[in-house]
Amino acid sequence: MSDLKASQHTAPSDGAGLQLVAWAAAFGLLAAGAGFYFTAHDWTTLYLRDLRVYQSAIDAFAAGDDPYQATSARHAQGLFFTSPPFVWLLYKLAAHSVLRPIFGPLLLGANAAAIVAAPVLLSRLLLGPGAGRTALGAAFFFTAFAGAGFFTALVINNGTPLYALIAWGLYIAVTRERWLWFHLAVALAAAFKPYYAAFWIVPFFADPAQGRQAAACALGLGAAALSYIAPLLLAPKLAAEWLHTLVQQTVGEGLLGDNLLGAMLHDPNARHSHLVAYEAQGLLSAVLLGAVLMLGRFSRSQRLAGLVLAAVFLNPRASRYDLSFAAIPLLALVADALVRDRSSAAMQAAWAVGLAAVLAAFSHNTPADGFLYAGVAVAALYGAIMASYLKPAPAS
């Protein structure tokens, strides 16, 4: 793991001119991204959208109702409370505690902190040190994937603080060689949403020759799985209500995110069955895992970027707030594809502008964008793998 830590200090030294280029690109991306996003969306329909769902659950519990029951809970804009029973219990405890009157402000504050912390941590980890690189990464976080960062900041989803915890855990793991906090963060996140378990590919494959994180990954996965298995055994009626509500919200109403699955199921010209869409998403997962197995020639910082990018897209229901977490890994992966360690801040800025322009030019602000996003992720991974054979292999 010492090599993994050492790889974080291999970024070239950026002079004032290169830093200025990064800062200029960052401001340009933010301005263009904000204009593109807020012009294409009625942002007032997104403001606090998910927070209202969580608050309705708290209110339902306080009134003695069950937020899984659509007839008794006050749902926001047709969205239901679909969090698993473990989270259901946490919300019930919060509704009957001193946290009830401050629940909304607490979640707002947690999201505000997360929307700053996640891009800063990922930028320093994957793009390298320096304020210019951090600003560039943050700007790309907000702008990429049709303004995914702006979407994340508006809707206030409870997954955003969880992503920040994962980013913090990864930063600690790489800089201090301590993976415990990363495992705890992923286990907690997976108890909220099972697809977060995909992030265990990061420690498992970060240093494949050592493989000493396998037991910790298995232990964390078991702990997260227990949060789902226990309700099935101890409260089967509650678990059944959750599954019914989840299926109604996702499959029944077609809220399947912005990944390939959602794109195929919302394609107005499609002639395939729903089963084919799920098979295609499964094939995408296999393609991503295949790429994960071929990252051995990458520098360790680039390998981390590839693993995080793959982990996000392994979520078949990945939404814009998930995709925002994939933006900086995507940038780091392609910008460093042809260099042994890290490219300069100016090169990263050029790639950031180019990627943002491509994503914006071909985006239609519809679920069909999932074709574009999944395609870009796969192209970045396999393009970087092929490019790794054109440059010297990193020291292992």
(request) Return the set of residues passing ring pair (Phe, Tyr, Trp, His ring centres under 6.0 Å) with Phe141 (not counting sequence neighbours), or none when no residue passes. (result) none

(message) I want to check something: taking the side chain as every heavy atom from C-beta on, are Asp336 and Leu127 in contact at a cut-off of under 4.5 Å?
(response) no

(message) Nearest 0.5 angstrom please: Gln348 CD to Leu331 CG, how far?
(response) 6.0 Å

(request) Could you tell me whether Asp369 and Arg320 have a side-chain N and a carboxylate O separated by less than 4.0 Å? (result) yes

(message) Return the CG to CG distance between Leu323 and Leu330, rounded to the nearest 0.5 Å.
(response) 10.5 Å

(message) Using side-chain hydrogen bond (donor to acceptor under 3.5 Å, both in side chains), reason through Thr245 and Thr82 one step at a time and then give a plain yes or no.
(response) CA-CA 6 Å; Thr245 305; Thr82 59; over 6 Å; no

(message) Ring centres under 6.0 Å, that's the criterion: do Tyr163 and Tyr321 meet it?
(response) no

(request) Rounded to the nearest 0.5 Å, what's the gap from CG on Leu288 to CG on Leu314? Could you check? (result) 5.0 Å

(message) Looking only at the aromatic ring of each residue, does the gap between the centers of Phe103 and Tyr91 stay below 6.0 angstrom?
(response) yes

(request) Give a yes or no on whether the ring-centroid distance for Tyr373 and Phe313 is below 6.0 angstrom. (result) no

(request) Indicate the ring-plane relationship of Phe182 and Trp179, choosing parallel, tilted or perpendicular according to the 30° and 60° boundaries. (result) perpendicular

(message) Minimum heavy-atom separation for Ala197 and Leu221, please, with both atom names.
(response) CB-CD1, 4.0 Å

(message) Quick one, Asp59 with Gln55, criterion side-chain hydrogen bond (donor to acceptor under 3.5 Å, both in side chains). Give me CA distance, side-chain angles, the key distance, then yes/no.
(response) CA-CA 6 Å; Asp59 295 341; Gln55 187 63 58; 3.2 Å; yes

(request) Using the side-chain hydrogen bond (donor to acceptor under 3.5 Å, both in side chains) rule, take Asn157 and Tyr54 through it: C-alpha gap first, then chi angles, then the decisive distance, then the call. (result) CA-CA 9 Å; Asn157 188 271; Tyr54 308 137; 3.1 Å; yes

(request) Nearest 0.5 Å please: distance from the NZ atom of Lys193 over to the CG atom of Leu188. (result) 12.0 Å

(message) Any heavy-atom pair between the side chains of Tyr68 and Leu238 that's under 4.5 Å?
(response) yes

(message) Are Trp200 and Phe205 packed together at the side-chain level, in the sense that at least one heavy-atom pair is separated by less than 4.5 angstrom?
(response) no

(message) Keeping Gln302 on the side-chain end and Leu333 on the backbone end, is there a donor-acceptor pair under 3.5 Å?
(response) yes

(message) Please tell me whether Trp88 and Phe61 form a close aromatic pair, meaning their ring centres lie under 6.0 Å apart.
(response) yes

(message) With clusters defined by side-chain heavy atoms of hydrophobic residues (ILVMFWY) lying less than 4.5 Å apart, directly or transitively, does Val116 cluster with Leu107?
(response) yes

(request) Let me see the working for Leu165 and Trp181 under side-chain contact (heavy atoms from CB on, under 4.5 Å), right down to the final yes or no. (result) CA-CA 9 Å; Leu165 285 176; Trp181 295 109; over 6 Å; no

(request) Verify, without hydrogens or angle tests, whether Gln281 (side chain) and Leu261 (backbone) share a donor-acceptor contact under 3.5 angstrom. (result) yes

(message) Does Arg297 qualify as a cation-pi partner of Tyr389, given the criterion of NZ or CZ under 6.0 Å from the six-membered ring centre and within 45 degrees of its axis?
(response) yes

(request) To the nearest 0.5 angstrom, please state how far the OG1 atom of Thr160 sits from the CG atom of Asn111. (result) 4.5 Å

(request) With the side chain counted from C-beta on, respond yes when Phe86 and Tyr228 share a heavy-atom pair under 4.5 Å apart, and no when they do not. (result) no

(message) Is it the case that the side chain of Ser123 and the backbone of Val120 share a donor-acceptor pair, with hydrogens and angles ignored and the cut-off at 3.5 Å?
(response) no

